[in-house]
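A short worksheet on the structure shown next.
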There are 2 protein chains.
Amino acid sequence: MTNPSGQPAKKPLSLRERNRIATRDAIAEAAIQLAMLRGIHDVRIEDIAAEAGVSTRTFSNYFSSKYEALTCRHAQRMHHAAVALRDQPADKPLWSAIADAVLAPWQSSAAGLDTPSPETLAELRLLFCDSALQGEILKDVLNDRNEFAHAIGDRLGLDGRGLYCRLLSAAVTTVTQVTIDIFHEADPPAPLLPLLREALGLLSSAFPIPAPETGAAGKSEGKE
Amino acid sequence: MTNPSGQPAKKPLSLRERNRIATRDAIAEAAIQLAMLRGIHDVRIEDIAAEAGVSTRTFSNYFSSKYEALTCRHAQRMHHAAVALRDQPADKPLWSAIADAVLAPWQSSAAGLDTPSPETLAELRLLFCDSALQGEILKDVLNDRNEFAHAIGDRLGLDGRGLYCRLLSAAVTTVTQVTIDIFHEADPPAPLLPLLREALGLLSSAFPIPAPETGAAGKSEGKE
DNA sequence: GAATATATTGCCTATTGCGCAATATATGGT
DNA sequence: ACCATATATTGCGCAATAGGCAATATATTC
């Protein structure tokens, strides 16, 4: 685990944190499994907690609702993508960096290139077909958008809080969501990567990238 | 019934429907007022119902949660925008039509051109500063995206369920959200219209418009 | 005005979110 | 290894919520 990119050193992860993460994952996993089995609305917190081997009270210590537990995985993926943008080499073009960052959480799960696993598809269908879960997901997306916006801002030498960066990051996250939506709908399951590249390509084809200093585009960062 | 645009005739609105709409509006209004006054989380359904002059049970008949009641107004605005796209003249360029449609619900409330009213701003801040409400709003946005996508599809002669239309409608709704976000944050309150035109203009140059059938005349839609 | 359809309400129950205090487990210093 | 401290888990209990059911009030249709 020697870190080639010289980023934050691997965390020693105290036992306590390990346990915490383990139970959190266990709860999330139990929630997803039960929801896929019985349907979201026929699963009670009591059931999830029992399946995960904890008390209902402990469930509440980790998640404030069952929707939060269900979307936990996906929220982690999106957050992964957001921070991955910062880990991209600085000399890589913006759109390549964005595409690779968005793909980062999927490449590790091998759903990017190969035909996606049925479980992954099932989980995504679960998440993307219920509007309550979609709403829950947005809450996480909103945080990640900030992360994206600032990463983009740093990369372009712009204010991450300005109009341009916020629009761009919002567009990227939204396009990602829609692409995943289409991805899990695809009747002959297809790998995610090409879809994502196509969608981002569509977005990037003409999205103007303002020069950091030399203002050919005339628009400043918009914030006053 | 004679309708210049040939769309659904003006509804006679039976008394029952009138009452229904009235109570629904009353509840939503009460919810917003109380929430602005005391803060969202210190308002109970009981309070809202009392303020609106109905029972708590009736509240539940109209809204399945207080968040839904709070976002009702905004949901109506977004829906208004979505259907307004269909009412735009067919010969208007796509991006102009989109901009006007998105502005439609605001022009009537005079917040588009003039300096926005403090109440409107306060309501928007209420809605956009709470992540739970943001999530609630997304549920409505998801429906409207379909509306947008199909309207765009009809306009361009494309399949409203295809990748392009879905991406475009998602981008439009998202950009709108972000713009409203910036709008209510603006310290010297500024009219919404210019902001929206700027944001959509930014987006419009990002999305090339494919030729519907005749491969010519293509893409010089980059209006500003 | 009578017959029918729909809306409002009260009553009741299952579920949830979370504060509080007791207990179990991990951590850090000696 | 042992003890003091910090954190996690759990049970208990309460306030709030979502929604089914049936009775009553109000619209609509004929």
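For clarity, every value in this text was computed on a predicted model and none was experimentally measured. Letters A, B, ... mirror the listed sequences (proteins, then strands); counts begin at 1.
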Interatomic distance where CZ belongs to A:Arg24 and P belongs to D:dT7 [whole Å]:
18 Å
Between C1' on C:dG10 and CZ on B:Arg57, what's the gap in Å once rounded to a whole number?
10 Å
Contacts of B:Phe59 and A:Phe59 projected onto DNA chain D by closest heavy atom; the upstream (5') one is A:Phe59
Measure distances between side-chain N and O atoms of B:Arg16 and base N and O atoms of C:dA5, and say whether any donor-acceptor pair falls under 3.5 Å.
yes
Counting only side-chain nitrogens and oxygens, does A:Ser14 get under 4.0 Å of the OP1 or OP2 atom of C:dT27?
yes
Do side-chain atoms of A:Asp47 reach the backbone of A:Arg44 as a donor and acceptor pair under 3.5 angstrom?
yes
Identify whether any heavy atom of A:Tyr62 sits under 4.0 Å from a base atom; if not, whether one sits that close to sugar-phosphate; answer base, sugar-phosphate or nothing.
sugar-phosphate
Under-4.0 Å salt bridge between B:Glu46 and B:Lys66
no
Separation of A:Asn61 atom CG from C:dC20 atom C1', in whole Å?
12 Å
Do other residues, nucleotides or ligands put more than 12 heavy atoms under 6.0 Å from A:Arg125 CZ?
yes
Looking at every non-hydrogen atom in both residues, tell me the closest pair between A:Arg18 and A:Leu13 and how far apart they are.
CG-O, 3.9 Å
Short side-chain N/O contact to D:dT10 OP1/OP2 from A:Thr58, under 4.0 Å:
yes
Between atom CG in A:Asn19 and atom C1' in D:dA6, what is the gap in whole Å?
15 Å
How close or far is atom P of C:dT16 from atom CZ of A:Arg44, stated in whole angstroms?
7 Å
Nearest whole angstrom, please: distance from the C1' of D:dG19 to the CD1 of B:Ile45.
11 Å
Would the distance check show the side chain of B:Thr58 and the main-chain N or O of B:Val54 forming a donor-acceptor pair, the cut-off being under 3.5 Å?
no
Regarding B:Thr56, tell me which of base, sugar-phosphate or nothing describes its non-hydrogen contacts under 4.0 Å with the strands shown.
nothing
Can you tell me the distance, in whole Å, between the CG atom of B:Asp47 and the P atom of D:dA16?
9 Å
Taking CD from A:Glu46 and P from D:dG11, how many angstroms apart are they, rounded to a whole number?
11 Å
